[in-house]
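Inspection log for the structure reproduced underneath, given as structure tokens.
Just so we're on the same page: letters track the sequence lines, and every chain starts at 1.
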Amino acid sequence: MVFAVRSGGATGVVVKGPEDKNSIAFRMDDKGEVKCIKFSLGNKILAVQRTPKTVDFINFIPDFPHLEFSHECKTKNSSVLGFCWTSWNEIVFITDQGIEFYQVLPEKRTLKILKSQSINVNWYIYCPETAVLVLSTTVQGNILQPFAFKNGTMSKMPKFEIELPVAPKPAKLSERDIAVATIYGELYVMYLKHHTRTTNSSGAEVVLYHLLREGSCKKAHVLKLNTSGKFALNVVDNLVVVHHQSSRTSLIFDIKLKEPDCAVNIHQPILPAQSIRPYKISVTGPVAASNQASVPCELYSSTWSVFQPDIIISASEGYLWYLHVKLHSTVNLLQDKGKLMDFLLHRSDCKMVILSVCSQMLVGGEKGNLPVVATVFDKLNQVYKEYLEAEQAYTLAMESGPSRFSNSYKRPVRTQAVIDQSDMYTHVFSAFTENKDVSHKFIIAVLMEYIRSLNQFQITVQHYFYELVIKTLVQHNLFYMLHQFLQYHVLSDSKPLACLLLSLESTYPPAHQLSLDMLKRLSTANDEIVEVLLSKQQVLGALRFVRSVGGHDNVSARKFLDAARQTNDTMLFYTIFRFFEQRNLRLRGNPAFNPGEHCEEHVTYFKEVFGEQTLMKLPVV
Amino acid sequence: MYKLFNGTFIRAFEAGGVELLTQKLEKFFYRYIQTLHLQSCDLLDVFGGISFFPLDKMTYLKIQSFVNRVEESLSLVKYTAFLYNDQLIWSGLEQDDMRILYKYLTTSLFPRHTEPELAGRDSPLRPEVTGNLLHYGRSGLEQDDMRILYKYLTTSLFPRHTEPELAGRDSPLRPEVTGNLLHYGRFLTGPANLKDPDTKFRFPRIFVNTDNSYEELHLIVYKAMSAAVCFMINASVELTREFCEQLDALVGPQLTLLASDICEQYNINRRISGPEKEPQFKFIYFNHMNLAEKSTIHMRKTASVCLTSVHPDLMKILGDINSDFARVDADEEIIVKAMTDYWVVGKKSDQRELYVILNQKNANLIEVNEEVKRLCATQFNNIFFLD
């Protein structure tokens, strides 16, 4: 939010946010130069600092008097360095001698002190996301004291020291070199350690101190900038972006990616230093703006002010920009596909980019070789599997006792990095397998590689992948290959798959046997087996099968008799007919068929061929 | 077999008339017939089947992945076949060609190469490692380095690995060892020693797909421990030392690792399925559809002798039943009581044949039938067998 204060507010104050609809305009009395002006959360109360000792407040709550009231800091002889809102009505004053935490009571137009702490303060940094305030203390300013605010309470966190370079002269820690940001959900204090000639370091570096709610803060990561000069820091999408003014380029770091040839927590930039404009891993703001205005924006201007996490303000041009990362452009900058995937999988808006990388890797001019393909699939499925497991654990917990776990268990969030089989099928494989320029050998190898990867992570492979494999194999007449895959159960059993195989019988006869085996293994497909056998006129075989699985009391007699008639084998018909007569006798005490069985036609035929006296008689009692 | 190495009769005839054909035939069969030991042939020779190596899906997929990668990086390779322990796992060739090739590999090529290994048949490590420093010349190490490595291997690494070796055939190798160029791969056809400057890079040529595309290929058989891979390359390509070295460097370490994986997996599976309950049933199974054969009667097939655990007379009965089956198309079952209290059961269902030999004194027909049903339920529960 940017405040434009004209004539001390007398001629108007315009407040603009990134979206136009949020802009507010109002007037206030000119009572001197405004040093600092801030709205509380939700634009409820405006705080204005005009003198070194007091802060004035104006209500912006509807139905409340729009009157100013003032509050003086309570410590004697101290001056207010600034203030920060921690909620809609809680504010903390930072003075050179300590901090004072107040609750603003707008209806009474007074402030109530909640807590205070006296400490010598050089300067402060506030992180609104986490409501953490970091104070610089001591002469050198390098002892940092963080405070956390939450629901009217203020808690002191362990203080820590920033290691300053020893030479050339006892330096002071400057406010400009410190930033606070959340990266991957953790709070970090970032320290820009400038290059010093005396030390043998290769350039400036950014040191990240991991700030924990409990326990002491520790030096966690070092980002090597390999250059020196003026820098500014932003954090976008959990990436640390370091702008270098003199070279007009930005470096991107991801603290989750580990360099294999470096010590654990030392990071090199992921991508070569890129300037914002000619390359597209860039701040979109200037580009978009320049398109409209047709005036190229000056990048890396000295009038730029950078705010955390991702804001850049150009004072000379009067723009506020948000920094974004264009993932699509990173794709060509990172040759190592495995590393690229690691990078992309941690980004918030990565799904389509990942899928397009996959497609490109398989088709484009650069035919990624199989080991690379395998690595990429493994990385994707690793994330996919983790999500599935979390989901499963959640479901399990819900089932076992919703009340007990409802608080501790949150439904796992499905991030964009979770790329499931249907994503891969729709966006990558369906087009890939249709591609005529790719050899079928490669297509099959890739599909097998994907199936292997899924299996490796014990993810159940969806039926449509098997279908795709079969389709591809059949198209190229590679039946023996298909046969071997089935033999080793690479293509898992399922009814649809068995049916698909049945349909292949005319072109590849062994498919029949494979299909029957599969149905048998499923053990839930006995009806289908009977149908298959009957269609092959193996009536006796079908009947024996039904009997072996114990279903012969329930099968339809008519179906079998129909099939037996079609074989034109009268002896077979006789046998089948007799079998059912015996069944009738056993079940109902009468060999005759029930009208409901619709066997009249077959009874007539039986009489015609074998004579009426051949019909089974009712046993004589 | 003639066709595999010489192509079809017609081709020879077209190329050089009757003379050439007779020449070729004489040359081939003169030697080939001597290798046949008709007196020890039995039902398995009638089937000419392929024994498949039982394997879990994951390991199988790894092998797939290996084959695909090799075929991709060595684009010359046209077909690949993968065998373990003389049993087939993967064939890129069509079934008919594979059947002949399999026969050649298992009855001729592999036995020839196991002879020198015979002392350590169950541990392919031994001939390569124990005391035989010469082989390490291939790993490109200097003598001094080798001396140290040898000491480490024999005093530390191998002793640590002897235990799993006793259980299975191969000793699982540590990846870091295979990472160091050290592997157990070698050529069974072609160059015996890559480092020998006089080595000839000549491979046997085979003919496949003679019905349609009629391809002539080089046959490279490469083996690491119990895993053997056949690479088939178009015969018009001249195979060079560079190619063989490339293949050796690429395939050797991977195959060594894969072989120990397979062995490990195989042992795990065996442990799960419990101790070998084999003695209970003696049977031969054959599926015409995929040429799969399985026998608990044969101990080991070697070129010359065929060791079976049953009396030759019983084997003859099996042969008789088989010829009965051949006469009729329908599914059937034949139960024979042999002279020596043995029951022999032959079953045919769809394209499958199963022969069981039971030795139960005073068993009657019903009991025998029940027994066979039980066998089917335990051993063949995953295939569709009509009873």
Go through the atoms of A:I451 and report whether side chain, backbone, both or neither lie under 4.5 Å from a heavy atom of chain B.
both
Which answer fits A:K536, side chain, backbone, both or neither, if we ask what part of it has an atom under 4.5 Å from a heavy atom of chain B?
neither
Any salt bridge between A:K441 and B:E71, counting N to O under 4.0 Å?
yes
Residue from B:L55, B:L61, B:D56 scoring the most non-hydrogen pairs under 4.5 Å with chain A is B:L61
Among A:P510, A:A374, A:S523, residue most engaged with chain B (heavy-atom pairs, under 4.5 Å)
A:P510
Would you say the ring centroid of A:Y450 lies under 6.0 angstrom from that of A:F429?
yes
With a 6.0 Å cut-off on ring centres, are A:F580 and A:F560 close enough?
yes
Is any side-chain heavy atom of B:V70 closer than 4.5 Å to a side-chain heavy atom of B:T80?
no
Under a 4.5 Å cutoff for heavy-atom pairs, which residue among A:R547, A:H489, A:Q513 has the most contacts with chain B?
A:Q513
Residue among B:Q95, B:M58, B:M98 with most heavy-atom pairs under 4.5 Å to chain A:
B:Q95
Tell me, for B:S73 versus chain A, whether the close heavy atoms (under 4.5 Å) come from the side chain, the backbone, both or neither.
neither
For B:I89, is it the side chain, the backbone, both, or neither that has a heavy atom closer than 4.5 Å to a heavy atom of chain A?
both
Would you please classify the geometry between the A:F432 ring and the A:F442 ring as parallel, tilted or perpendicular, with 30° and 60° separating the classes?
perpendicular
Check whether the ring centres of B:Y266 and B:Y84 lie less than 6.0 Å apart, and answer yes or no.
no
Is the closest side-chain heavy-atom distance between B:E353 and B:Y285 below 4.5 Å?
no
In terms of heavy-atom pairs under 4.5 Å with chain A, the winner among B:P54, B:A292, B:S65 is B:S65
